[in-house]
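Comments concern the structure below.
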Amino acid sequence: MLTAIEKVIFLQNVDIFTEVPTEHLAYLAAISEEVRFLTKDDIYKENDAADSLYVVMDGKIKLHRDGDEITVAGPNEAFGTWALFDEKHRVATATAVEDSKLLRIDREDFYDILTDHVQIIEGIFKTLVTKLRGMLDRVSSGFPKKDVKE
Amino acid sequence: MRNFLERTLNIRKGEAAVTLLMLGYIFLVLCIYYLLKPARDALFLGDKSWTDLPYVFILIGIVAVPVNFLHAAASRKFRLNKLIIITFLILASNLILIRLIMNYEFAWTAYVFYIWVSIYGVLVTSQFWLFANAIFTPPQAKRLFVLFGFGAIIGAFAGGEITNILSDFMSGPNLLFVCMGLLLLCIVLVYAITLLKRKDLEERPAGSRNKEKPKESFAQVIESIKSSRHLLLIVGIIGMTMATASFVDVQFKATVQAEFAGDVDGMRAFLGVFYGRLSLVSLLMQLVFTRFVLKRIGVGGIIMFLPLGLILGSAAMFLMPGLIAGVLLRGADGSLKYSIDKTGRELLFLPVPIEVKNRVKIFIDVIVDRWARGLSAGFILLFLYIFGEEVRLLSIAVLAMLVIWMFFIILIRKEYVFAFRKAIDRRDIDPDELRINIQDASNIDSLIRTVKSDNDKQVSYALDMLSSAKDVELTEHLAPLLNHDLKSIRLKALTLLRNQKDDTLQPQMEKLLQEKDPEIQLEAMRYLCSRAGENRMSLIEGYLNQPDPCLKATALICASEEAGTDIRKFVNAETIEALLRESGDESEFCRIQAARAVGNIHDTETRSILLKLIDDKSPVVVREALKSIGRTQDRDFIPVLIKRIGDKNYKNDFRETITAYGIKVVGTLSDYLSDETVDKNVRKHIPAVLSKIPVQESVNVLIANLSKAETPVKYFILKAINKLHENYPELRINPKKVDSVFLDETKTYYEILQILHLHKNDNGNEAAALLRKALEEELDHNLEQIFRVLGLKYHWKDILLAYLGITSDRAVLRDNAIEYLDNILGIDHKKYLLPLLDRGADEIAIKHGRSMFAIKEMTMGDSIEYLILSNNAWLKTCAIYYLKDHKVDNFESLKAQIVESINDANPFVSETAKLVSGEINKLN
């Protein structure tokens, strides 16, 4: 079993948690659970209730829908992230491509610790805002600026 | 006695002493003014010509500027109570000086005395209202300020009558000694009030009063007025009111001078009686007519009274100039301007959005008022120059101004209704901020129309506003809301209906009693009880004997509200326990009502019930039980409440309940905060509670614990002090303690910076990377704490701006912020802070730190030891983890500390220490 600090090392690489101070990641680590899956095991299926986020510590997980592969998550990568923020059902199935070790964070536990660790929310907001800004920049740079000479 | 005060004067328990002292204060202040005012006018008119009056009006405007400036400067330096006492002392000493000057019959004595009395009048009355606002809450103000207005008028009347009586055996100048004695008596009263209200003055959240409002530029104020037709018309009306008043005053004094022709004592006696009785007439107008007229013709009608009265007076002055016409004219002005017209003028501001009102009200009340008076004095001089010194001809100018004034009124009548409807739509008027009750017929009409709208938010808002309407029968309009879909609206309507005179809704209320909602049922039962008259007790008893447990439970609350009656004996531990035993669908309902009832009858037997209810499975029950605990103010609950202060589900409710104890709980919170055996997770929530009890003791407790508190408690303490300092700048913070914390924080920063620098090139494994990241985060955190401390020494907004610049990603902003800090910080802070802000030059900063704080140069091993011995649990964890794969110079001595850390109270530290210790043992 990993200790909290060892889990922090994985969690700090999760996209959504990059801006969360490591000290507060330790509290997330404390509620995370190590889970193991064998090759071809489904971690969850499309339309299942979305109730947790996963971080790959070891192995590979394929995300697919209707037979089409969406992506493959490898070590240090997270999937099912949005389950923390909305209650919609899973939009894809997650299947272990090889024997895998994952960290699982349950949404309810996640909300429980947020009440005492607002820095986690601050960190998540920072990441989301940075992403949003990046998207806006990309969108705006995609539109040619109006030439004043026209 | 208490009943008398409560029933007749609306003074509640605990308010009597201070209210009576305040009444005495305003009575004396006005009495003195009305002793001085006739003396001032008589001296001036006995010595100078009435045509000199415009000059003195202009001089008053000029002198008021430095007086205001000095007063504003003094108000920043002194607390209000001290400032008032100092002002009284200065005024009393001024009186002695003026009395001495009077012996020498200088040509300018009459001018000086006139100006002095005029400034006195404005200064002392505005100080009184400032003091009253600081002492009383808005709900108290609504009830008690009417009394003070009454006290002021009685004071004015008494002053005038005393002037008349004393005129036979005391000269005007000697009257000044009487005034001086009364001023000293005022000091005694203010001192007594301060003693009585000291704690409340400190404890009471001063709300928006003490919050610093953003300074508005003159251009912004003008822009706000220009962009609103409604505000432009208000400016026009107030300007004309004040300008006309100067003309009227000159005309009146000219007739008095002509009538008494050199008989100064006779003039003084007459003026005393006139001014005093004019105040009485004004009071009668306010009491008898204002509400009556407002209800019938609305605000647009009542602001017509003053110009109409002045038309009559001016016509009389034009046709038959003399004392009678002068009295009629000045009488109309004096009796209407500060009664009916004043109410109307204030109501004109009602639909103005609160932020705009804050911006422009003072400008209109002070600047427009003064400019109008100053300009009108200039016009009078011009008029006298062109048309000659004939009093009756001034009436032509007055009549011309009245025509313009009435034209503005006609325009604003439509504009007001339009603006009021818009304000309701935007929900711009804050019902809690209303210090006047809504009486205006057109306002009520607009609100009633809104109550019938489909927009739920507006209906709810209109109901809040209507709760301040008095003597308006609303039953017909509110009754349909009893069937509204939203419970909150049904509840508000029910509460309002209970206060109506109409009692025709009893059948509907009986029906509502069947609703299985605890709050609706309670309000319905309260309505029925309020209509039962003498049968109230038997009605409650009847409900208590009902088989329906819900009705029984609600009736228990009604019984518990009947203090001092036999019915209250039904509410006891036994009946409450019986309710709590109810099972099935009604169980939660019964527990909710039981929680409410217990709060009203709290005794030792029911204490255990409340303790049980705060662990109830229903959140509503828990919250009601907590509210009841707050009402009981029983200290025995405090340990339980503090223990649960960080409760996952009810954190805010527990905090609010503790806050409800006010200053009483500060000592206990202090004990818990400083007790290191208490869980950090409990202690870290205590500062937030203290920040909601804005008293000096809270600040003292927080400051006392600041330097010794460990992470993260220290951060929460700083946040709480910042909050108190920002919202209540009058609370004192020991500057020496702040400086000492600043030095501690800065030293820590330099130490961590040195450690980070050591590890900067350590490109080892993930443990090294994690430690580096944790150190960087600690530096950021530490920097925030340093700026939070500086926010206590300097203006917090300046410091916040600088902090945002420093932490910005943009180099330009960082550089600007450093430049800004260089300008605003004192040398003692600058020399420690500025070097550490230049992150491109860490090595130089570290050298600075070493020389300033005598920090020793560290090796890798020293740095890890420093972190392991620090009281920062996370850095300790990371440092221990670092040792899993790194052998540092003093590794052997650190091993013992790792083993010791296995028993650390922090789970991350102990878990990591166990892991690393195991790894080291394996290697060995």
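Convention: sequence-line order gives letters A, B, ...; per-chain numbering from 1.
Other residues, nucleotides and ligands place no more than 12 heavy atoms under 6.0 Å from the NZ atom of B/Lys914. Shown here is A/Phe85, whose CZ atom has more than 12 heavy atoms of other residues, nucleotides or ligands within 6.0 Å.
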Derivation of the side chain to side chain contact (heavy atoms under 4.5 Å, CB included) call for A/Asp116 and B/Lys651: CA-CA 9 Å; A/Asp116 249 7; B/Lys651 185 164 71 184; 3.5 Å; yes

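By the 4.5 Å heavy-atom criterion applied to side chains, A/Glu23 and B/Thr877 are not counted as neighbours.
Residues of residues 24-62 of chain A having a heavy atom under 4.5 Å from any heavy atom of chain B, listed by number: A/Ala26, A/Tyr27, A/Ala30. Contacts with chain B (heavy atom to heavy atom, under 4.5 Å) involve these residues of residues 5-20 of chain A, listed by number: A/Ile5, A/Glu6, A/Val8, A/Ile9, A/Gln12, A/Thr18, A/Val20.
For residues 675-690 of chain B, the pairs satisfying salt bridge (charged side-chain N to carboxylate O under 4.0 Å, His left out) are B/Arg683-B/Glu710, with sequence neighbours left out.
Partners of B/Asn782 under the side chain to side chain donor-acceptor pair (under 3.5 Å) rule, at least two apart in sequence or in another chain, are B/Glu745.
Neither the backbone nor the side chain of B/His781 comes within contact range of chain A; no heavy atom of the residue lies under 4.5 Å from a heavy atom of that chain.
The closest donor-acceptor contact from the side chain of B/Lys773 to the backbone of A/Thr22 lies at 3.5 Å or more, if one exists at all.
How far NZ of B/Lys648 is from CG of A/Asp112: 3.5 Å, rounded to the nearest 0.5 Å.
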